[in-house]
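Worksheet: one structure, shown below.
Whatever order the structure lists them in is the order used to number ligands and atoms, beginning at 1. Just so you know, these numbers use all the heavy atoms, side chains as well, and skip hydrogens, waters and symmetry mates.
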Amino acid sequence: MEERKVTAVFRLEKKIAFVTGAGSGIGESIARLFAQQGAHVVLADVREDAARRVAGEIQETGGSARVQSLDVAEESQVKAAIEQVAALEGRLDILVNNAGISHVGSLLETSLEDWERLMRVNACGVFLCAREGVRQMLAQSPHGGTIINMASVAAMIGIERRLPYCASKGAVLALTRSIAIDFATQGIRCNAICPGTVQTPFVEGYLARNFAGHEDEVRQQLHARQPIGRMGQSDEIAYAALYLASDEAAFVTGSAIVIDGGWTAK
Ligand SMILES: NC(=O)c1ccc[n+]([C@@H]2O[C@H](COP(=O)([O-])OP(=O)(O)OC[C@H]3O[C@@H](n4cnc5c(N)ncnc54)[C@H](O)[C@@H]3O)[C@@H](O)[C@H]2O)c1
């Protein structure tokens with residue numbers, strides 16, 4: 001076999017990345033890291049103001065970024081957003097399906113409305129963005145592209161009172177594998193990341209909504225459920241996304257990278 005020279009790794013020079021939910025938490029960290037590593041990043045979020053703040057800070061530090069107002073659950077908006085990428089950036093190299101929402105509830109504490117809301121954003125949002133993203137990636141053949149879906153350990157294990165969230169993330173994992181298989185020979189890779197608990201506004205919002213008055217006590221429980229003894233940080237997830245997005249991961253498709261401080265190893 002030909003000897004391979006190892007050079008500097010994980011640069012995204014001149015790559016066009018589209019990150020959903022980039023206005024906060026994990027998506028924000030991914031957008032910042034990708035821009036730092038040389039990518040032009042389109043920050044898509046239903047909260048345009050939040051995406052604008054992050055994009056502004058990326059630009060101030062010399063990075064390249066643009067904001068896209070987007071509700072991932074709306075087909076027409078997703079189509080328009082990817083068409084906009086084709087028109088403005090000319091190509092889509094990296095699609096990160098990160099936008100997601102949560103709901104606390106067991107089977108008996110979940111209304112049909114809750115179920116549909118979670119499936120609509122977390123699963124249908126990934127389906128719509130991936131479909132339009134793949135269409136664009138096929139159109140730019142032979143370049144292809146890579147897709148990273150933010151699943152969760154909730155796709156792999158049952159978590160108390162998280163029924164629709166677990167179901168929606170299970171769907172994300174299944175979507176990931178199907179996309180990987182269907183387009184493996186056409187230059188498109190698709191992988192998932194399964195984080196454990198990560199300290200983001202997502203978690204803080206959940207504490208405020210569900211455990212007002214005893215947030216500290218529950219925050220300690222959230223730290224403790226990872227055998228490492230703490231929640232993850234969003235940049236610890238972003239580094240895995242950077243690897244998956246990079247050319248160094250050319251042989252990686254259909255995988256789920258678990259980053260959970262040991263939670264699912266128990
Ligand atoms: N934080 C955790 O513990 C954790 C663990 C595992 C997986 N995840 C997953 O990681 C992803 C990011 O989570 P986070 O903790 O950074 O959350 P976050 O709430 O901090 O950020 C989510 C972002 O997504 C955006 N968003 C929500 N609905 C949207 C929609 N319909 N269209 C476009 N944008 C939308 C929000 O405006 C927000 O900016 C989610 O998919 C979540 O399920 C989070």
Side-chain angles (χ1 to χ4, degrees), residues 18-33 42-55 67-78 80-82 95-104 116-130 132 148-157 159 162 164-173 175-176 192-210 218-219 221-223 225-226 230-238 240-241 256-261 263-264:
F18 188 96
V19 182
T20 70
S24 171
I26 295 170
E28 171 176 347
S29 289
I30 291 173
R32 289 181 188 277
L33 183 62
V42 181
L43 292 95
D45 205 296
V46 73
R47 285 166 48 226
E48 193 182 336
D49 55 333
R52 200 161 293 292
R53 174 187 61 82
V54 181
V67 170
Q68 177 69 55
S69 174
L70 173 68
D71 182 343
V72 296
E74 292 298 327
E75 185 174 24
S76 58
Q77 289 189 30
V78 174
I82 299 299
L95 168 64
V96 183
N97 287 315
N98 165 79
I101 56 173
S102 70
H103 171 76
V104 175
E116 285 178 346
R117 189 168 45 87
L118 267 275
M119 293 306 274
R120 185 96 198 139
V121 175
N122 293 1
C124 190
V126 173
F127 159 69
L128 290 172
C129 292
E132 297 313 309
I148 298 160
N149 295 329
M150 203 53 64
S152 165
V153 292
M156 307 164 70
I157 56 172
I159 302 177
R162 295 290 184 285
Y165 186 72
C166 290
S168 68
K169 292 300 183 180
V172 172
L173 211 48
L175 271 163
T176 302
I193 299 177
C194 297
T197 324
V198 183
Q199 201 156 16
T200 67
F202 184 88
V203 169
E204 291 303 321
Y206 148 84
L207 288 175
R209 274 194 311 278
N210 299 288
V218 181
R219 194 179 289 106
Q221 290 167 8
L222 291 181
H223 281 301
R225 70 181 173 185
Q226 279 74 217
R230 65 168 175 86
M231 289 189 238
Q233 297 297 318
S234 56
D235 59 354
E236 292 173 314
I237 309 303
I257 297 190
V258 178
I259 307 174
D260 68 349
W263 185 359
T264 54

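Residue Asn98 places at least one N or O, backbone or side chain, under 3.5 Å from an N or O of ligand 1. For ligand 1, one of its N or O atoms has an N or O atom of Val198 under 3.5 Å away. Inclusion of Ser152 in the set of residues having an N or O under 3.5 Å from an N or O of ligand 1 is not warranted. Below 3.5 Å of separation, one finds an N or O of Val72 facing an N or O of ligand 1.
Under a 4.0 Å criterion applied to the non-hydrogen atoms of Gly25, ligand 1 contributes the atoms 16 (O), 20 (O). Those atoms of ligand 1 that come under 4.0 Å of a heavy atom in Val203, given as number and element, are 1 (N), 3 (O). Every atom of ligand 1 with a heavy atom of Asp71 under 4.0 Å away is listed here by number and element: 30 (C), 31 (N), 32 (N). Close contacts between ligand 1 and Ala151 involve ligand atoms 7 (C) [criterion: under 4.0 Å to a heavy atom]. Less than 4.0 angstrom separates some heavy atom of Met150 from each of these atoms of ligand 1: 9 (C), 10 (O), 11 (C). If you number the atoms of ligand 1 from 1 as listed, the ones under 4.0 Å from a heavy atom of Ser24 come out as 16 (O), 18 (P), 20 (O), 21 (O), 38 (C), 39 (O). Every atom of ligand 1 with a heavy atom of Ile26 under 4.0 Å away is listed here by number and element: 10 (O), 16 (O), 44 (C).
Nearest non-hydrogen protein atom to atom 43 (O) of ligand 1 is Tyr165 OH, 2.6 Å. For atom 19 (O) of ligand 1, the nearest protein heavy atom (residue, atom name, distance) is Phe202 CB, 3.4 Å. Ranking protein heavy atoms by distance to atom 24 (O) of ligand 1, first place goes to Gly21 CA, 3.3 Å. Among protein heavy atoms, atom 22 (C) of ligand 1 sits closest to Gly100 O, 4.2 Å. Looking only at heavy atoms of the protein, atom 6 (C) of ligand 1 is closest to Pro195 O, 3.5 Å.
Here the CZ-CD distance, from Arg120 to Glu74, works out to 6.0 Å after rounding to the nearest 0.5 Å. Taking CD1 of Ile26 as the reference point, atom OG1 of Thr200 lies at 6.0 Å (rounded to 0.5 Å). Note that OG of Ser102 and CZ of Arg209 are 5.0 Å apart. Values are rounded to the nearest 0.5 Å. To the nearest 0.5 angstrom, Leu43 atom CG is 12.0 Å from Ser24 atom OG. From Lys169, atom NZ reaches atom CE of Met156 across 13.5 Å, with rounding to the nearest 0.5 Å.
In this structure a side-chain-to-backbone donor-acceptor pair under 3.5 Å is present from Gln77 to Asp71. Looking at Asp45, its side chain does come within 3.5 Å of a backbone N or O of Gly23 through a donor-acceptor pair. The backbone N or O of Ala99 lies less than 3.5 Å from a partner atom in the side chain of Thr20, making a donor-acceptor pair. A donor-acceptor pair is defined here as one N or O able to donate and one able to accept, closer than 3.5 Å; no such pair exists between the side chain of Asn149 and the backbone of Leu173.
Closest heavy-atom approach to atom 14 (P) of ligand 1 within the set Thr200, Val172, Leu70: this belongs to Thr200. The closest non-hydrogen atom to atom 4 (C) of ligand 1, taken over Ser69, Ala154, Ala81, Gly196, comes from Gly196. Considering only non-hydrogen atoms, atom 29 (C) of ligand 1 lies nearest to Val46 out of Val46, Asn122, Val153, Val96. Scanning Val121, Asn97, Asp45 for the heavy atom closest to atom 36 (C) of ligand 1 points to Asp45.
Residue Lys169 places a heavy atom under 4.0 Å from ligand 1. No heavy atom of Ala50 sits closer than 4.0 Å to any atom of ligand 1.
Of all non-hydrogen atoms in Phe202 and Gly100, the two that sit nearest each other are CE1-O, 3.8 Å. Summarising the geometry of Met231 relative to Val198, their closest heavy-atom pair is SD-C, 4.3 Å, with the distance given to 0.1 Å.
Thr197 and Arg225 share a donor-acceptor pair across their side chains, judged by distance under 3.5 Å alone.
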Item to check | Verdict with reasoning, Ser234 to Glu28, per side-chain hydrogen bond (donor to acceptor under 3.5 Å, both in side chains) | outcome: CA-CA 8 Å; Ser234 56; Glu28 171 176 347; over 6 Å; no
